[in-house]
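Scroll down for the structure; my scribbles are underneath it.
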Amino acid sequence: MEQLESIRVQKLQQIRALGIDAYPTEYRYTHTVPQVVEQFGGKTAEELEHGPATIRVAGRIVANRPFGKAGFLGITDAGEKVQVYAKKDQLAERDFQLYLLLDLGDLIGVEGTLFRTRTGELTVLAKQISFLAKSFLPLPEKWHGLTDVEIRYRRRYVDLVVNPEVRGVFVKRSLIIREIRRFLDDAGYFEVETPVLHTVAGGALAKPFRTHHNALDMPLYLRIALELHLKRLIVGGLNRVYELGRIFRNEGISWKHNPEFTMLEFYQAYSNYEDLMDMTEELLKKVVQTVNGSPVITYDEQQIDFSRFTRLSMREAIVKFSPEPVTIEDVKDRAKVEALLKKLHAEYDPKAPVGNLVGSLFDAVAEKHLVQPTFIYDHPIELSPLSKIKTSDPSLVERFELYVGGMEIANAYSELNDPVDQRERFESQLKAREGGDEEAHQMDEDYIRALSYGMPPTAGEGIGIDRLTMLLTNSKSIRDVILFPLMRAEE
RNA sequence: GGGCCGUUAGCUCAAUUGGCAGAGCAACUGACUCUUAAUCAGUAGGUUGGAGGUUCGAUUCCUCCACGGCUCACCA
């Protein structure tokens with residue numbers, strides 16, 4: 001290892017000895033590698049002869065096939081590759097000496113003319129080679145590449161150089177986010193940024209990360225949701241707001257959980273959760289169509305169609321997917337729900353209120369079947385301390401979750417805007433907290449004060465950007481759509 | 001946190017019953033002015049993740065530890 005490195009350090013010395021600046025500050029290219037491929041990829045050998053006199057292009061060397069007094073280089077940039085032909089009689093002596101000192105991984109600029117080789121490959125005939133930067137560490141082997149997932153996550157920079165499909169995933173992620181922003185901006189939304197450091201970690205049921213501010217000697221939490229600040233802004237009259245940001249939950253890591261992840265939350269005044277169901281369909285249809293070119297995606301060998309959304313109440317979903325026969329009426333009966341959970345060997349807390357049991361039953365019975373886009377609506381009140389009660393059934397709230405590919409992608413509700421009711425809900429969460437539920441909601445006095453000034457009827461929604469990206473890139477792990485997933489420290 | 005599996009050269013992988021740790025690519029030296037995983041000849045590269053143990057002898061068997069993967073639980 002040290003040998004490989006020291007050889008390359010010596011080569012850099014030799015390059016300097018040729019009078020070449022080892023670390024120049026710029027390279028003025030006329031074309032990027034993808035532009036070369038796009039503009040000239042379709043041209044014939046004859047057409048190339050009458051093309052532009054010279055082009056300048058820069059990239060990283062990923063292949064080198066020398067032939068004594070000539071050689072072929074493959075250079076890559078922005079996910080595309082182009083071949084360079086370095087020929088002694090076409091180059092200044094110094095540039096050919098430089099060519100002989102190049103290694104895989106080095107960054108160079110090439111000025112030359114385009115032609116096709118005998119085998120028809122588009123190639124830059126180098127007239128001038130500029131050295132841009134040295135690679136001291138060797139890239140992974142050309143044929144098998146880098147497959148060790150641990151190194152791929154830890155050294156994402158190498159992963160991105162050698163695995164072009166990884167680049168494609170993150171390009172797509174960026175497109176998804178861009179389309180979402182465009183959709184919301186066009187719908188009259190206002191993008192905002194709210195604090196990441198919270199004195200009360202609220203807006204979701206989750207364990208927060210703790211930190212501390214020295215100057216104020218104050219304990220702080222990293223936010224677990226965007227919700228409560230965005231609703232304060234609704235109180236303030238920003239009637240359509242969204243934030244696209246990182247949130248942090250101090251919980252387990254799995255194929256669909258990373259401790260920090262990206263959430264979109266948006267709030268719309270004078271609307272309810274049914275309005276958001278309609279809007280979510282429209283949003284996802286548009287994003288999937290634009291990013292994927294079709295409303296139908298393939299995820300884990302299954303076709304998922306974003307042009308057709310199903311809507312089921314949570315109770316209906318339990319009835320539909322339960323392996324044991326149940327009726328809607330049974331799901332309202334605590335004894336029957338508990339009996340069914342026992343029969344299914346599902347884990348649940350026997351002291352928990354009936355709403356939580358219904359939630360457990362849903363998870364046990366229905367979630368994995370929800371592959372096609374499905375809205376599950378009307379959740380038990382106990383699971384939803386910030387949602388508005390359904391007037392026709394006070395045991396339920398106006399809430400929905402969207403499931404796709406067996407994953408929860410979105411969560412939305414008609415926002416509770418009654419400060420008295422909100423205080424009571426927080427108080428019952430506090431009781432759960434005292435009973436040992438670390439994820440129960442904390443009291444947020446300022447939020448109640450905000451509601452006390454009056455909040456219009458409002459609907460709000462959160463969409464997990466990482467999971468949406470997993471679906472659209474056919475990724476089996478959330479870590480494949482996060483550039484730098486959390487890992488233990490090395491050594 | 002539980003269970004299962006993995007860790008050998010820069011990368012991808014071998015190594016029989018416990019018996020001298022190997023290959024391909026990358027690297028180095030040489031030949032070669034149209035190659036496509038270029039080819040040919042040669043060279044070098046290792047505390048087998050770490051620490052103990054069993055044994056004449058451990059990559060191989062045992063224990064512990066570190067890191068990772070899958071999976072279950074929790075969660076979005």
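Convention: sequence-line order gives letters A, B, ...; per-chain numbering from 1.
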> Would a distance-only check, ignoring hydrogens and angles, find a side-chain to backbone donor-acceptor pair under 3.5 Å from Glu49(A) to Glu46(A)?
Replying inline: no
> Looking across every strand, which nucleic acid part, if any, lies under 4.0 Å from Phe115(A) by heavy atom: base, sugar-phosphate, or nothing?
Replying inline: base
>> Can you tell me which residue among Phe375(A), Tyr403(A), Tyr377(A), Phe400(A) is in a ring-ring contact (aromatic ring centres under 6.0 Å, His included) with Phe309(A)?
In response: Phe375(A)
>> Is it the case that the side chain of Asp95(A) and the backbone of Ile129(A) share a donor-acceptor pair, with hydrogens and angles ignored and the cut-off at 3.5 Å?
In response: yes
> Base, sugar-phosphate, or nothing for Ile409(A), non-hydrogen atoms under 4.0 angstrom?
Replying inline: nothing
> Quantified in whole Å, what is the C1' atom distance between nucleotide U8(B) and nucleotide U48(B)?
Replying inline: 4 Å
>> As a quick check of understanding, evaluate side-chain hydrogen bond (donor to acceptor under 3.5 Å, both in side chains) for Glu243(A) and His229(A), giving each step before the final call.
In response: CA-CA 10 Å; Glu243(A) 180 167 5; His229(A) 284 94; over 6 Å; no
>> If you only use heavy atoms from C-beta on, which nucleotide in C25(B), C34(B), U33(B) is closest to the side chain of Arg118(A)?
In response: C34(B)
> Got a donor-acceptor pair under 3.5 Å from the side chain of Thr147(A) to the base of U12(B)?
Replying inline: no
>> Just to be sure I understand the rule, does Ile151(A) reach a base, reach only the sugar-phosphate, or reach nothing, if contact means heavy atoms closer than 4.0 Å?
In response: sugar-phosphate
> Does NZ or CZ of Lys207(A) fall inside the cone over Phe248(A)'s six-membered ring, less than 6.0 Å from its centre and within 45° of the axis?
Replying inline: no
> Mind checking the P distance from G6(B) to G45(B)? Whole angstroms is fine.
Replying inline: 31 Å
>> Keeping Asn163(A) on the side-chain end and Gly145(A) on the backbone end, is there a donor-acceptor pair under 3.5 Å?
In response: no
>> Would you measure the distance from the P atom in G49(B) across to the matching atom in A21(B) and give it in whole Å?
In response: 15 Å
> Under 4.0 angstrom, heavy atoms only, what part of the nucleic acid is Asp466(A) near: base, sugar-phosphate, or nothing?
Replying inline: nothing
>> What contact category does Lys142(A) fall into here, base, sugar-phosphate, or nothing, at under 4.0 angstrom with non-hydrogen atoms?
In response: sugar-phosphate
> When you compare G68(B) with G24(B), how far apart are their C1' atoms, in angstrom units rounded to a whole number?
Replying inline: 25 Å
> Which nucleotide sits closest to the side chain of Arg154(A): G68(B), C11(B), U35(B)?
Replying inline: G68(B)
> Which listed nucleotide (C28(B), U12(B), U33(B)) is nearest to the side chain of Lys11(A)?
Replying inline: C28(B)
> How close or far is atom C1' of A76(B) from atom OH of Tyr403(A), stated in whole angstroms?
Replying inline: 9 Å
>> Regarding Lys81(A), tell me which of base, sugar-phosphate or nothing describes its non-hydrogen contacts under 4.0 Å with the strands shown.
In response: nothing
> Does Glu274(A) offer a backbone N or O that forms a donor-acceptor pair with the side chain of Asn272(A) under 3.5 Å?
Replying inline: yes
>> Regarding Met487(A), tell me which of base, sugar-phosphate or nothing describes its non-hydrogen contacts under 4.0 Å with the strands shown.
In response: sugar-phosphate
> Touch check for Arg65(A), heavy atoms < 4.0 angstrom, all strands: base, sugar-phosphate only, or nothing?
Replying inline: base
> Contact class for Asn64(A) (heavy atom, under 4.0 Å): base, sugar-phosphate, or nothing?
Replying inline: nothing
> Closest nucleotide of RNA chain B for Arg479(A) versus for Ala206(A): which of these residues is on the 5' side?
Replying inline: Arg479(A)
>> Pick the closest RNA chain B nucleotide for Gly120(A) and for Asp148(A) by heavy atoms, then say which residue is nearer the 5' end.
In response: Asp148(A)
> What's the shortest heavy-atom distance between Met470(A) and Trp255(A), and which atoms?
Replying inline: CE-O, 3.7 Å
>> Whether Arg488(A) contacts A66(B) is assessed here as follows: a side-chain N or O lying under 4.0 Å from the phosphate OP1 or OP2. Is that the case?
In response: no
>> Rounding to an integer number of angstrom, what distance separates G22(B) and U47(B) when you compare their P atoms?
In response: 15 Å
> C1' atom, A26(B) versus U63(B): distance in rounded Å?
Replying inline: 38 Å
> Roughly, in whole Å, what's the span from CD1 in Ile253(A) to P in C70(B)?
Replying inline: 12 Å
> For the pair made of CZ in Arg155(A) and P in G68(B), what is the distance, rounded to whole Å?
Replying inline: 14 Å
>> Can a donor-acceptor pair be found, under 3.5 Å and without considering hydrogens, that links the side chain of Gln35(A) to the backbone of Thr32(A)?
In response: yes
> If you take atom types as modelled and just measure distance, does the side chain of Gln83(A) reach the base of U35(B) with a donor-acceptor pair under 3.5 Å?
Replying inline: yes
> Would a distance-only check, ignoring hydrogens and angles, find a side-chain to backbone donor-acceptor pair under 3.5 Å from Asp466(A) to Thr262(A)?
Replying inline: yes
>> Taking only the C1' atom of each, what is the distance from C61(B) to U54(B) in whole angstrom?
In response: 8 Å
> For the pair made of CG in Leu100(A) and C1' in U29(B), what is the distance, rounded to whole Å?
Replying inline: 14 Å
>> Between C1' on U35(B) and OH on Tyr99(A), what's the gap in Å once rounded to a whole number?
In response: 10 Å
> Base, sugar-phosphate alone, or nothing: which one does Gly145(A) contact when heavy atoms must sit under 4.0 Å apart?
Replying inline: sugar-phosphate
>> What is the separation between atom CG on Leu486(A) and atom P on G69(B), rounded to the nearest whole Å?
In response: 11 Å
> In whole Å, what is the span from the CH2 atom of Trp143(A) to the P atom of C25(B)?
Replying inline: 13 Å
> List RNA chain B stems (3 or more consecutive Watson-Crick/G-U pairs, under 3.5 Å)?
Replying inline: B:1-7 with B:66-72, B:10-13 with B:22-25, B:27-31 with B:39-43, B:49-53 with B:61-65
> What integer number of Å spans the P atoms of C56(B) and U16(B)?
Replying inline: 22 Å
>> Just to be sure I understand the rule, does Arg152(A) reach a base, reach only the sugar-phosphate, or reach nothing, if contact means heavy atoms closer than 4.0 Å?
In response: nothing
> A38(B), U71(B), G24(B): which one has an atom nearest the side-chain heavy atoms of Phe67(A)?
Replying inline: A38(B)
> Taking the six-membered ring for Trp, does Phe72(A) stack with U35(B) (centroid gap under 5.5 Å, planes within less than 30°)?
Replying inline: yes
>> Categorize Lys256(A) for me: base, sugar-phosphate, or nothing, with a 4.0 angstrom heavy-atom threshold over every strand shown.
In response: base
> What is the distance, rounded to the nearest whole Å, between atom CG of Leu341(A) and atom P of A73(B)?
Replying inline: 14 Å
